[in-house]
Amino acid sequence: MKLRDLRLIFWIAALLGLLELGLEWRAYQKGWPTQIFGKLEEWAPAGEPEFGPTSDFPFRSRIAPMPKAPGTTRLWVASSSYAEDVQLAPDAIFPGLIETELNAQGIAVDMLNASRGGMDTRANLVDIEELAPDWKPDIAILYQASNDIDVLVLQLLAGESAADEGVVAREDQARSFINPLTFITQWTEGTSAYAHLKSQITTRLTQSRVLEHGLGAEGELRMDELVQSFIDSCAARKIRPLLCTFGTSHDRSNLRDLPADWGDNLFRYNIHLSIEGWIDSVQVYNRVIEKVAARNGVPLADVAAALRGHPEYFRDFTHLSAEGHRVAADAILPVLTGMLKAGTPKPQVQSESD
Amino acid sequence: MSFNSPQFLAFLPVVLVLYALMFKRDHLRTILLLCASYSFYMAWNWKYAGLIAFSTVIDYFLGLRMAREENHASRRLLLIISLVMNLGLLALFKYYNFFVDTLQDSLTFFGAQVHLPHHELLLPVGISFYTFQTLSYTIDIYRRQLGPERNFFKFALFVAFFPQLVAGPIVRAADFLPQLQGKPDASESRLLAGMQRVFRGLFKKVVIADLLAGLAVDAVFENPAAFSSWDLLFALYGYTFQIYNDFSGYSDIAIGVAAMLGFHIPENFNRPYLSRSVREFWTRWHISLSSWLRDYLYISLGGNRSGKARVKFNLMLTMLLGGLWHGAALNFVAWGAYHGALLFFGRQKERAGSAASALRVFVERFVCFHLVVVGWLLFRVSGMENLTQYLNGLGQWTGGSELSKLFYCVLALGLATHFLPAKWGDGFGKRIERSPIPLQAAFYAGVILFLCGISMQAPAFIYFQF
């Protein structure tokens, strides 16, 4: 065997490489983060960056020094891609809009937008545990749902054991000295071709599976535990929590108008729950949020109500348009202002007997 | 590392390039393939590579010693050591908890309350396959049918050769070791044919087996009570084609990768659902295991040469152990017993003679296929309750289907690829082979992307668990 005998393989590699290069360039031009070209920082001003994240300031918001200025209130946003929104400038997404508005009203605030794509509430809690002691936030805003539902789908519909196996496999991989293999998986999953294949093929196939239509009573219970753990974690660190209901572009009443590609998107990370099941699970989540807020005496911003019936506030099923961010900020601001002016009492850590 | 993973997509070309660079040097070539094989295995769990290494070392030295030994009793002792070591590891990792549970249940049934200890060890991937492979080596040397391999690295490569390491085909030393003595027959045409075989296997696994599982089979078997009799019946047909395409797909990939490296691995499947009898089925399904069981177990027990009762016993024991080989659970034992019974009654029937008209061939194939399908129900269920639910559901004759059209399309594809003449697929393959290289590359690149798109949430190969 000679190297020349492998020319078919080299040709295949070259064609796949060229395709990926083209797709990466296209994604880069659209402002998406890419593995080869990085990210087109259109919104970033030249010179010193005004917004994070940077190595010293791990938040997607206006850079502030770690020591808190006297008289300033620190706001923390615990969310995911909906509040990170890499497609818009940091001051055009709802955490940035809130900061700008409050400062304009003469209320000195620093926004620490700790939201990153793919985070669920548990990941938010890890962030609070690791970063909050240094950055000392006063108020933490929780805006979550879909990633929590995705995790619950894995735990409840794919079977707890399947989720556990996933964790064990990842841990085993991490411990394995053949780490290049883990790198290959991560790199492959980061390619533009992978993203296209997932949205064009995988999501469509998923809709032909036998799907479940809800997470059941156990799902509701787990959601309750998650939100409660957020409140408890905040209370333990003397942070005042603010809960938000979660908005979606469509609900049962206008489901027929849901664009096909928005529906497909729901199956990128979930292969077990139907669209109806997904929508109902968000409703259940919002009911849980309201119930937990009332139980703990925690302020609640009804973002879902403000966004309901306006698909134009969204650019897909869960991610907001620029207008949607404005509406979400407007829904949160009065509650936040009320907290800042009145000084809502901090919730107590729930005892085990609760 | 699974054949349908991105890691393997990167791993194989790297191995091939290094292999081509080192091809002329016999020793380097062997070392490279050995390192690649251990890397491939360690991608799952590096700790368990020690088990393969242990079996390799033991059987290498036992083989050398056995070949030198003239005394029959000593040779027998060496064989027993090999059997105890290899089967002992298999029993410890795969069957210990099952036997303990069974014993505990039996004792409880008789009123004794005892708590026997379990282990929490993971089942090493492919242990059943490489154990049988190394056993064939020592048994063949014991029988003086094979000389020992003196080069340790070549022997280690025989045990750990990555294309068939974790899910077969079970390759015998007599077939593989001679191929390591000279330069492997690796040429561009062999490589292209091997690659085509790999893609055929991936198609079977990703497009047919995984889609059947994902679209219906898994959900229906998970909760049979929620589905109509129609759905239960078609999910069972779905599983019949899922398991065939999953396992034969793996064998195709293994045979194809080995061919790309210049090695020949025996066929493992020959369109088994075309069989006219269960006996014929076992000459077409998992051929390397059934022939292993025939040569090393059934014949060792006396085979057909003993009395009627003894033949019956040999057959049943072989099939029971064959069932148990697949997994430490009662449903696999029941599946083995079911096939043992079918083989026994089939033997009696075949003796009555058979002149084959087309109608008779069709009826025999139809009956045999459905007997095998019933066996797959035993094989797939998760326990007695699951089986009862499934049978109850089937017996209710309720109609209506929740299964998607795509599922029925994939099932039809599974039927077509199995039952239609093989030359149709071969003709398409030959047309691709005759195309210019850039065109072939574009075709394969498209296939890779398509398969990646389908396989993103795909499960591992079924036979990995065995």
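No hydrogens, no waters, no symmetry mates; every other heavy atom, side chains included, goes into these values. Since this is a predicted model, take the numbers as computed values, not measurements. Protein chains get the first letters and strands the later ones, always in sequence-line order, with residue 1 at the start of each.
- At a 4.5 Å heavy-atom cutoff, the contact between Leu191(B) and chain A is made by side-chain atoms alone.
- In this structure, Arg222(A) contributes its side chain and Ala217(A) its backbone to no donor-acceptor pair below 3.5 Å.
- Neither the backbone nor the side chain of Leu9(B) has a heavy atom closer than 4.5 Å to any heavy atom of chain A.
- In this structure, chain A has a heavy atom under 4.5 Å from the side chain of Ile448(B), while its backbone stays farther away.
- Contacts of Ala445(B) with chain A are made by both backbone and side-chain atoms, with heavy-atom separations under 4.5 Å.
- Atom CZ of Arg315(A) sits in a crowded spot, with more than 12 heavy atoms from other residues, nucleotides or ligands closer than 6.0 Å.
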Taking it one step at a time, do Asp120(A) and Gln144(A) satisfy side-chain hydrogen bond (donor to acceptor under 3.5 Å, both in side chains)? CA-CA 7 Å; Asp120(A) 62 349; Gln144(A) 277 287 10; over 6 Å; no

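- Looking at Ala442(B), both its backbone and its side chain come within 4.5 Å of chain A, counting heavy atoms on both sides.
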For Phe263(B) and Asp185(B): C-alpha separation, side-chain torsions, deciding distance, then whether side chain to side chain contact (heavy atoms under 4.5 Å, CB included) applies. CA-CA 7 Å; Phe263(B) 293 92; Asp185(B) 175 22; over 6 Å; no

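- When heavy atoms are compared at a cutoff of 4.5 Å, Leu19(A) approaches chain B solely by way of its side chain, counted from C-beta outward.
- For Gln35(A), the CD atom counts as densely surrounded, since its 6.0 Å shell holds more than 12 non-hydrogen atoms of other residues, nucleotides or ligands.
- Taking non-hydrogen atoms and a 4.5 Å limit, the residue list of residues 248-260 of chain A in contact with chain B is empty.
- Of the possible polar contacts, one joining the Asn286(A) side chain to the Phe246(A) backbone as a donor-acceptor pair under 3.5 Å is found.
- With sequence neighbours left out, Thr30(B) forms a side-chain hydrogen bond (donor to acceptor under 3.5 Å, both in side chains) with no residue at all.
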Candidate pair Asp261(A) and Arg204(A), rule salt bridge (charged side-chain N to carboxylate O under 4.0 Å, His left out), full reasoning: CA-CA 9 Å; Asp261(A) 55 334; Arg204(A) 286 187 169 89; over 6 Å; no

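- The part of Met195(B) that comes within reach of chain A is its side chain, from C-beta onward, which places non-hydrogen atoms under 4.5 angstrom from that chain.
- Atom CG in Leu192(B) sits 8.5 Å away from atom CD in Gln196(B) (nearest 0.5 Å).
- Taking 4.5 Å as the heavy-atom cut-off, the residues of residues 5-15 of chain A that approach chain B are Asp5(A), Leu6(A), Arg7(A), Leu8(A), Ile9(A), Phe10(A), Trp11(A), Ile12(A), Leu15(A), ordered by number.
- In this structure, a donor-acceptor pair under 3.5 Å is present between the side chains of Tyr82(A) and Ser146(A).
- Residue Leu16(B) touches chain A through both its backbone and its side chain, counting heavy-atom pairs closer than 4.5 Å.
- Between the CG atom of Leu215(A) and the CE atom of Met223(A) there is a distance of 5.0 Å, given to the nearest 0.5 Å.
- In this structure, Arg29(B) is positioned above the aromatic face of Phe23(B), its NZ or CZ under 6.0 Å from the six-membered ring centre and within 45° of the axis.
- In this structure Val447(B) satisfies the side-chain contact (heavy atoms from CB on, under 4.5 Å) test together with Phe199(B), Phe443(B), Leu451(B), sequence neighbours excluded.
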